[in-house]
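Quick note: numbers below take in every heavy atom, side chains included, and nothing from hydrogens, waters or symmetry partners.
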Amino acid sequence: MATLSVPEPVPSSIEDAENLRKAFQGWGTDEKAVIAILAHRDAAQRKEIMLAYEEKYNENFIKRLESELSGDFERAVYRWMFEPIEREAIMANIAVKSKTADYQVIIEIACVNSPNDLLAVKQAYQMRYKRSLEEDIASHTSGDFRRLLFALMSTYRYDGEEVNANLAKSEAKILHDAITKGTYNHEEVIRILCTRSKAQLNATFNHFKDEYGISITKALSCETPNDFALALRSAIRCIADPHKYFVKVLRNALNKSGTDEDALTRVIVMHAEKDFKEIKERFEKRSNATLEHAIGKETSGDYKAFLLALVGNN
């Protein structure tokens with residue numbers, strides 16, 4: 001369930017556009033007014049506001065937002081303004097073109113989405129950037145990471161619930177043998193993780209734990225794990241239990257010395273109007289503290305107010 005709260009009745013898109021225009025005018029931006037409107041409208045409503053604003057005032061709404069806001073607040077609002085599929089395409093582009101390609105974002109998009117949603121993200125990427133996401137992954141990564149990320153993004157998994165128990169047993173052994181030998185980049189490891197359905201993979205992960213007495217993610221946690229093993233763990237966690245995975249991302253983002261605002265923004269903005277209530281509840285059970293308290297402690301100003309509005313703190 002979503003944590004996004006939308007008022008009833010919802011003001012018209014023209015009224016919202018007019019109020020945002022007022023917020024932009026004068027000596028300084030009225031950030032509270034921007035938050036009061038944009039943090040309480042769903043994707044369809046935000047699109048209508050954008051279209052109404054651009055038609056009435058003949059200027060690009062996103063560019064005006066960028067000129068009025070700044071810092072983490074501006075980046076959060078920018079990402080929030082887009083529809084979910086287009087937002088993921090934009091975030092994939094930012095991730096793949098960062099100085100060291102942010103494999104975690106690519107893995108999340110590839111492994112959490114349903115096959116149809118992943119296909120829609122790739123189509124949106126192609127429409128926006130006039131090239132394929134796979135093409136950009138291949139251009140900006142190399143070696144084992146290129147093989148893994150390209151395979152994860154290129155696949156179209158079967159989405160059914162059928163499971164082959166014998167296959168789960170045999171592929172659990174393949175994964176165990178590769179991990180035991182430290183050959184994380186074995187082509188069979190990549191083949192299994194990147195082609196099997198999520199139901200089949202979860203059966204394989206469960207058999208791995210039953211047969212070998214340790215979860216596959218713990219088996220990948222050696223004393224000096226390499227980056228590729230960490231990438232495999234992220235992919236497995238996203239496939240096995242996305243909510244648990246995002247709780248971990250949030251805890252890491254808020255508990256590090258220096259908050260990871262990019263990760264914090266990403267999880268909240270991408271899930272606030274989808275399934276963030278479940279993530280929030282599991283975070284609070286795991287942390288013995290409310291998410292609002294953790295956000296309030298580690299962030300400040302308009303950025304804090306915007307995130308708190310999205311997570312349901314009214």
task = Only pairs at least two apart or in different chains count here, so list each salt bridge (charged side-chain N to carboxylate O under 4.0 Å, His left out) that has a residue in residues 31-45.
result = Asp16-Arg41

message = So, using side-chain hydrogen bond (donor to acceptor under 3.5 Å, both in side chains) as the criterion, who are the partners of Asn288 when residues are at least two apart?
response = none

key: Test ring pair (Phe, Tyr, Trp, His ring centres under 6.0 Å) applied to His176 - qualifying residues, sequence neighbours left out   = Phe208, Tyr212

key: For Tyr245, all residues meeting ring pair (Phe, Tyr, Trp, His ring centres under 6.0 Å), sequence neighbours excluded   = none

inquiry  = Taking ring pair (Phe, Tyr, Trp, His ring centres under 6.0 Å) as the cut-off, I'd like each qualifying pair that reaches into residues 280-304, sequence neighbours left out, listed once.
reply    = none

task = Flag the pair Asp241 / Arg282 as yes when at least one side-chain heavy-atom distance between them is below 4.5 Å, and no otherwise.
result = yes

key: Sequence-distant partners of Asp302, salt bridge (charged side-chain N to carboxylate O under 4.0 Å, His left out), two or more places apart   = none

ask   = Under the side-chain hydrogen bond (donor to acceptor under 3.5 Å, both in side chains) test, which residues partner Glu134, sequence neighbours left out?
value = Lys122

message = Filter on ring pair (Phe, Tyr, Trp, His ring centres under 6.0 Å), then keep only pairs touching residues 105-139, sequence neighbours left out; what's left?
response = Tyr125-Tyr129

key: ring pair (Phe, Tyr, Trp, His ring centres under 6.0 Å) involving Phe82 - partner list, sequence neighbours excluded   = Tyr78

request  = Any salt bridge (charged side-chain N to carboxylate O under 4.0 Å, His left out) involving residues 195-209? Give me the pairs, sequence neighbours left out, ordered by first then second residue.
outcome  = Glu171-Arg196

request  = Group every Ile, Leu, Val, Met, Phe, Trp and Tyr by side-chain heavy-atom contacts under 4.5 Å, then state whether Val96 and Leu230 land in the same group.
outcome  = yes

Residues forming a side-chain hydrogen bond (donor to acceptor under 3.5 Å, both in side chains) with Thr217, sequence neighbours excluded = Ser215

Hey, can you pull the donor-acceptor pairs under 3.5 Å for the side chains in residues 18-26, sequence neighbours left out?
| from | atom 1 | to | atom 2 | distance (Å) |
| --- | --- | --- | --- | --- |
| Asn19 | ND2 | Glu15 | O | 3.3 |
| Arg21 | NH1 | Tyr53 | OH | 3.3 |
| Arg21 | NH1 | Glu59 | OE2 | 2.7 |

